[in-house]
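Every chain is numbered from 1 and lettered A, B, ... according to where its sequence line falls, protein lines coming before strand lines.
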Protein chains: 2
Amino acid sequence: MDTPGPSDLHDAVRRRLAEDDVRYTGGRKAIVAALGTAGGPQSAADLHRLVAGVPLSSLYRSLTVLDEAGVLKRNHDADGLARFELAEWLGGHHHHITCVECGAVEDVRLEGEEERLLAAVIQAMGDRTGYIVRDHELELEGACPSCRS
Amino acid sequence: MDTPGPSDLHDAVRRRLAEDDVRYTGGRKAIVAALGTAGGPQSAADLHRLVAGVPLSSLYRSLTVLDEAGVLKRNHDADGLARFELAEWLGGHHHHITCVECGAVEDVRLEGEEERLLAAVIQAMGDRTGYIVRDHELELEGACPSCRS
DNA sequence: TTCCTTGCAAACGATTTGCATTGGA
DNA sequence: TCCAATGCAAATCGTTTGCAAGGAA
């Protein structure tokens, strides 16, 4: 794939932000770093914990800026809570699986053949509805390995 | 399939609620009726419009009761707004496609072969993560027929 | 100096809840 | 009669915003 490694991630983001005359400040860099190592989308509360010393309002403001710049993507989990992850061009294409017990959300990447099967299904859905499909997301839920008792 | 038709819908719901000593009142029946004819998940605001004369607080309370009884399912759209639809055993298994322009959410039902392909992909995802998959949802987004200019 | 960014506090909007009242079986 | 259901108002909670102060180019 051509998603930037951890070392290039910040450069890529900095360049993207520069085009919008937006500064890549310490707080923003810390958010991107946290999302770069997380194994799934993080809520604002998660990030507030991971990125110490940044007030919630500033955190939300940075998240908005990064979202609008296309650096990250905003999702909503089963409870409607906002969760953030790196945009696809930075973090790669993947799907999500949620544990109904503990609420954890984990990234799942598909193999070529699997994504190909999925593409066929999506094509059929687009044809049937007359939509021009722009994006897709396959969300699974179940019991994670550590939660099945 | 064996999903109840419009005439049997209310009987099925009434029986389900009776098991929990919950009454199937006029307001609740109106909600179920509205969801039964809607072509996609409806927000509380939508339902407040569709079900005239019911205050929002009562509406939310009914939605909670119906949700807990397994009569309906609560989703969240791209903006994090709660949207409600009949549970799968009442409304049938389907997926969603959202228009990025107008925000409409539409149900899409898959053909047997398509759902079979999807099942293979889901199986692979479950195997890879070690989850016991309980449910899945394929969400598409794109431009709906009337929104592409 | 010029703007973007930050922090705090106040505002917002969707959803929930306390409490007294109503109504169905 | 009894307990669930309702309506209103007030409370919650995640998220956004106004405004004045701070900071990088």
B:Glu114/A:Arg128 salt bridge by N-O under 4.0 Å criterion: yes
Polar contact flag, side-chain donor to acceptor under 3.5 angstrom, B:His93-B:His136: yes
N or O in side chain of A:Ser58 less than 4.0 angstrom from C:dG7 OP1/OP2: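 Affirmative; the distance criterion is met.
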Distance below 4.0 Å between B:Arg28 side-chain N/O and D:dA5 OP1 or OP2: yes
Residue mapping more 5' on DNA chain C - nearest nucleotide basis, A:Gly53 or B:Gly80: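 Here A:Gly53 is the residue nearer the 5' end.
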Write down the distance between [atom1] ([X]) and [atom2] ([N]), rounded to a whole number of angstrom.
X       : N      : atom1 : atom2 : value
B:Tyr24 : D:dA4  : OH    : C1'   : 17 Å
B:Arg14 : D:dA4  : CZ    : C1'   : 15 Å
B:Arg74 : C:dA14 : CZ    : P     : 15 Å
B:His76 : D:dG14 : NE2   : C1'   : 12 Å
A:Asp21 : C:dC3  : CG    : C1'   : 10 Å
A:Phe84 : D:dT15 : CZ    : C1'   : 9 Å
A:Tyr60 : D:dG18 : OH    : P     : 18 Å
A:Leu56 : C:dA10 : CG    : P     : 16 Å

Any N/O donor-acceptor pair, A:Arg61 side-chain to D:dG18 base, under 3.5 Å: yes
Base, sugar-phosphate or nothing for [X]? Non-hydrogen atoms, less than 4.0 Å.
X       : value
A:Ser62 : sugar-phosphate
A:Thr25 : sugar-phosphate
B:Ala45 : nothing
A:Val22 : sugar-phosphate

Closest nucleotide among [options] to the [X] side chain:
X       : options               : answer
A:Ser57 : C:dC8, C:dT16, D:dT15 : C:dC8
A:Arg23 : C:dT5, C:dA14, D:dT16 : C:dT5
A:Pro55 : C:dG7, D:dT6, D:dT15  : C:dG7

Gap separating the CZ atom of A:Arg83 from the CG atom of A:Asp46, nearest 0.5 angstrom: 5.5 Å
Donor-acceptor contact present, side-chain B:His94 to main-chain B:Gly92, <3.5 Å: yes
B:Glu115 side-chain N/O to B:Gly112 backbone N/O, donor-acceptor pair under 3.5 Å: no
